[in-house]
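In what follows, chains carry the letters A, B, and so on, assigned in the order in which the sequence lines appear, proteins first and then strands, with residues in each chain numbered from 1. FYI, side chains are in, hydrogens and waters are out, and symmetry mates aren't considered; it's all heavy atoms of this structure.
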Amino acid sequence: MQSRNSLRHSLLLAALLLGAGTALAGPHLPEGERTAEPAAVPVAPLKILTTLPVLADLAKQVGGEFVSVDSLALPNQDPHYVQPTPILMKKARDADLFVECGLQLELWGEKVVSGSGNPKIQIGQPGRVIASTGVQTLELPTVLSREWGDVHPYGNPHVWLDPLNAKILAGNIATALEELDGAHKQTYEDNLADFRHRIDVALYGAELVDEVGGRKLDRLAKGGRLSDYLEHRELTEMLGGWLAKAAPLAGRPIVTYHKTFIYLATRFGFTIPIEIEEKPGIPPSAKQRDRVLGVMREQGVRTILQAIYHDRTAGTYLAQKTGAHLLSLPIDVGESVGVPDYFAMMDNLITRLVESETRKD
Amino acid sequence: MFPSIRWALPAGIGLLAIPCQTNAQDSQTLPSASQEVGVESDSSNPSQATIQDILRRLEKLEQSRSDDRDDFEFELEGIEEDLSRLEAKGAVTTQRSNVFNPGLTVFGNFLMRSDDQPVHLDGDPSAPRIDDQFNLREMEVDYRAAIDPWTDGVLIGTYESETPGDANSTIEEGYVVVKKLPILDSAPAGLKLKLGRFRPGFGRFNQIHLHDLPQPSYPEALGTFLGPEGYIRDGMEGQFFLPSPTESQTMEATLGLFDGGELPIAPLESASNLSVLGRVKWFDDLGQGKDLEVGLSGLQNGSDHRVYGLDATYKWKPYQGGEWKSFLIGGELFQADLSEAGLDSSPLGYYLWSQYQFDKNLYVGVRYDHSEDLADSSMRTDTYGAYVTFYTTEFFRMRLGLEHSTSDFSELDGRNTVLLETNFIFGSHPVEPYWVNR
C-alpha cells in the first residue's frame with residue numbers, strides 16, 4: 001500500500017515537472033512566423049549568440065539593425081578554455097542563432113548549447129552556424145595524435161586573422177540570417193557586400209580596388225600571385241591598405257607563443273620560424289626556451305608576438321635575452337581591449353608589428 | 001571528380017576569344033573616335049592623322065587584349081590550384097567515413113596507496129586488505145553521440161577494481177537526453193529530460209565522475225549518505241531554468257524519479273518503491289572571473305528515508321594575463337531524516353575543500369571531511385587531506401595526497417595514508433566540468 005502511494009506521489013511529481021516546465025516556457029514564436037509578416041508587425045531583432053566577440057562583430061556588421069548580438073567569451077579570454085557556466089547556458093537559452101568558429105576551437109561551446117536546452121541552436125539546425133565552413137585551413141595535420149599536443153584535426157582554427165577569411169565567415173553568417181529571416185534578405189546581402197568592400201579597401205587600398213576589383217584581387221592574393229600581377233600590370237604603386245603598410249614585414253622572422261598567427265603571417269608575408277610553446281597547448285620547458293633563444297639569435301628575430309591572454313613569462317625572458325620586442329596584442333574584438341571592431345583589431349596588429357620591425361633601437 | 005569544373009576549363013579558355021570580338025566591335029566605332037580628336041574623316045582617302053590615330057588605337061587595343069589574356073591565365077591557374085586542393089580535400093573526407101560513430105573516450109585511474117596500519121575492504125576485517133597496494137581501480141569507456149534531432153545518447157561502461165586484478169564491469173551511466181519533443185517546437189524553460197541510468201543531480205560531487213574529482217576519492221561524508229562511489233540509479237530527471245533575479249544570476253531546478261533502494265540511508269527499500277529527488281541551484285556571476293554557486297538538494301525514498309544537502313562553491317579565475325591562476329573553495333552538508341529501526345534519526349556529514357592553481361599545470365588543495373555513522377551518530381570520523389596535482393596536459397595527471405583520519409572506529413582512528421593517483425585519458429575527451437579549472 002505504501003509502495004502504491006509512493007508511486008502515485010512520484011507520478012504526480014513527474015506530471016508537475018513537465019507542467020512546471022511548460023508554464024515557465026512563456027510565449028513562443030515559431031521560427032516560421034518571424035518571416036511571415038515582416039512589414040506589418042514590428043518584429044524583435046534576431047538574437048545572435050556567438051562564441052567569440054570577433055564573430056559577434058562580424059554578425060553585427062552583416063545583421064545591422066535587425067539583429068541583437070552577444071558573445072560568450074570575453075576578448076581577453078583564451079578561446080580554447082572558456083568555462084561553460086550556467087550564465088552562458090542562460091544566454092544561449094533564447095538565442096535564434098548560435099555562431100561558432102568551429103574547427104574544434106570552442107569545444108566548450110557544445111556544452112553551453114546542450115546545457116541551454118535550446119533546440120533551435122543544436123547541431124544541424126538552421127540556428128547553428130559553423131562560421132569557418134569553406135575556409136581553406138592551414139596546418140592541416142597529416143598525423144592525428146595527442147603526441148603532437150592540442151592538435152586541431154581540421155587545421156589551425158585562428159582563421160579570422162586573415163581578412164580574406166573574415167569575408168567568408170561573414171558570408172556564412174549572412175547565409176544563415178537570410179535563411180532564418182528571409183524578409184530582410186536583401187539587407188543582409190547589401191550589408192555583406194558593404195562589409196566585403198570595406199575589407200577590400202582596408203586590405204588593398206581604395207584605388208587598387210577600383211582599378212582591378214576586389215574579387216580578382218582576392219583570387220590573386222589567395223593564390224600568392226598578387227605581387228607578380230601588380231608588377232606585370234605596373235600597378236604596384238597603387239597598392240594601399242594593410243598590405244602596403246605591412247610591406248616591411250615581408251620575409252621577416254617573427255616568433256609567436258602559440259600557433260595563433262599563421263593566417264596573419266601567410267597574408268602579410270612574415271615567417272614564424274618557431275613557437276615558444278613546445279607543442280600546441282604545452283608550456284615551454286627550459287630546454288625549449290633555449291631552443292627558441294638559439295633560433296632568435298640565428299635569424300635575427302626582432303619581434304615576439306603573442307595573444308593578450310597568453311602567459312608572458314617566457315616571452316619576457318626571451319625579449320630580455322635578445323633585445324627583441326614582446327608584443328602582447330588582442331586577437332579578438334572589444335572596447336575593453338582597445339579594439340572595438342574587426343578593422344581596429346587588424347589595424348592594431350599590423351601597425352604594432354610594423355612599428356616593432358622598423359623601430360631603430 | 002569535378003566534371004563540371006573540368007568542362008568549364010575549356011570553356012574558360014574559349015573566353016579568351018572575347019577580347020578579339022571586343023576589338024572588332026571597338027574598330028567599328030573608330031570613325032567616331034577620330035572625330036573626337038577633331039580630324040576630318042574621309043572613308044575613301046583617310047588622312048595621315050587618321051591613320052596614325054587608328055594605329056594608336058590598335059596598339060592600345062592589342063595591349064588591352066594582352067592584359068586580358070594575362071588576367072585569364074591568372075584566373076585559370078587559380079582555378080586549377082583550387083581544383084587540386086578540392087580533390088585533396090575530397091580524398092580526406094572519403095577516408096573519414098566513420099563520422100557517425102559515437103565519440104569514444106577512455107579514462108584510466110591508477111592508485112598507489114600506502115598506509116601505516118592495516119586497511120580492509122569496506123572496513124570489514126574479514127574482507128581482503130587493500131593497504132600498501134597498487135591498483136588500477138577504474139577504467140571507464142565513454143561513448144556519446146546524437147541519436148536523432150531530438151535526443152543525445154551517452155553510455156559509460158566501467159571496469160572497477162577494489163582489489164588489484166579483481167575487476168567488475170558495470171554500466172555506470174547509460175541514458176538519453178531529450179532536448180526537444182517532436183510535439184513541441186521548443187523545450188519549455190530549457191527543459192532537458194534525462195532517461196536511463198545516471199548520476200542523479202544531488203549536490204555537487206555526486207554528479208562528478210571519479211576521474212574529474214579535485215581529490216583522489218569521494219568524500220567520506222558523501223559515501224556515508226549516498227554510497228562509496230556516489231548515488232547512481234535508474235530513473236528519469238528533468239532540469240529546467242527558473243526565473244532569475246538578475247542578468248548575472250541563474251536559477252535552475254532539477255526534479256527526478258528513481259528506482260528505490262541501493263542507498264545507504266534506505267538499504268532495505270525495494271526498487272519499485274521509487275525515490276524522489278529535487279534540487280534548486282543558484283549561480284551568481286560576480287564578475288572579473290569570480291562566481292558563486294549554491295545548491296539545495298533533497299532525496300526521499302519511501303516515507304521514512306530522507307536526506308537533504310546544501311552545497312556551495314566559490315571560484316576565482318582571472319582572465320587576461322592570469323589565465324593559469326585560480327582559487328576554489330567549497331563545501332557540502334548532508335543531513336538525514338530517518339525513521340527505520342537500526343538507523344539513527346538524524347546523522348550529519350559534511351566536507352570542506354579548497355584548491356589553488358599556481359600555474360598551468362600545478363594545483364594544491366586541501367579537504368576536511370566529517371561524517372557520522374548512520375546507525376549511531378555518536379560514532380564519528382574526521383579526515384584531513386592535502387593534495388598536490390600536476391597535469392602534463394589535460395589528458396594526463398598525477399596527484400599526490402596525504403590523509404590523516406581520526407575516528408571512533410578503531411580501524412580508522414589514527415590512520416595515515418599516502419596516495420599517488422594517476423589519471424589518463426585518450427580519445428575524444430569531453431570538456432571537463434566547468435569548475436575544475438582546465
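- Across all their heavy atoms, B/F241 and A/S116 have their closest contact at CE1-O, 3.7 Å.
- Taking the side chain to side chain contact (heavy atoms under 4.5 Å, CB included) definition, one finds that B/V294 meets it with B/W282, B/L292, B/L310, B/A312, sequence neighbours left out.
- Once rounded to the nearest 0.5 Å, the distance linking CZ of A/R93 with OG1 of B/T250 reads 11.0 Å.
- With rounding to the nearest 0.5 Å, the separation of CE in A/M89 from CD in B/E252 is 7.0 Å.
- The nearest pair of heavy atoms linking A/P119 to B/K179 is CB-O, 4.4 Å.
- Every side-chain hydrogen bond (donor to acceptor under 3.5 Å, both in side chains) that A/E106 has, sequence neighbours left out, goes to A/T51.
- Only the side chain of A/L74 comes within less than 4.5 Å of a heavy atom of chain B; its backbone N, CA, C and O stay farther away.
- The shortest non-hydrogen separation linking A/S114 to B/K192 is O-CD, 3.0 Å.
- Ranked by non-hydrogen atom pairs under 4.5 Å with chain B, the options A/S328, A/G124, A/G115, A/A307 are led by A/G115.
- What you find for B/T246 and A/K90 is that their closest heavy atoms are O-NZ, 3.2 Å.
- Once rounded to the nearest 0.5 Å, the distance linking CG of B/D152 with CD1 of A/I123 reads 8.5 Å.
- Of all heavy-atom pairs between A/Q83 and B/K317, the closest is NE2-CD, 2.6 Å.
- Rounding to the nearest 0.5 Å gives a distance of 13.0 Å between CD of A/Q122 and CH2 of B/W150.
- Looking at every heavy atom in both residues, A/P283 comes nearest to B/N361 through CG-ND2, 4.0 Å.
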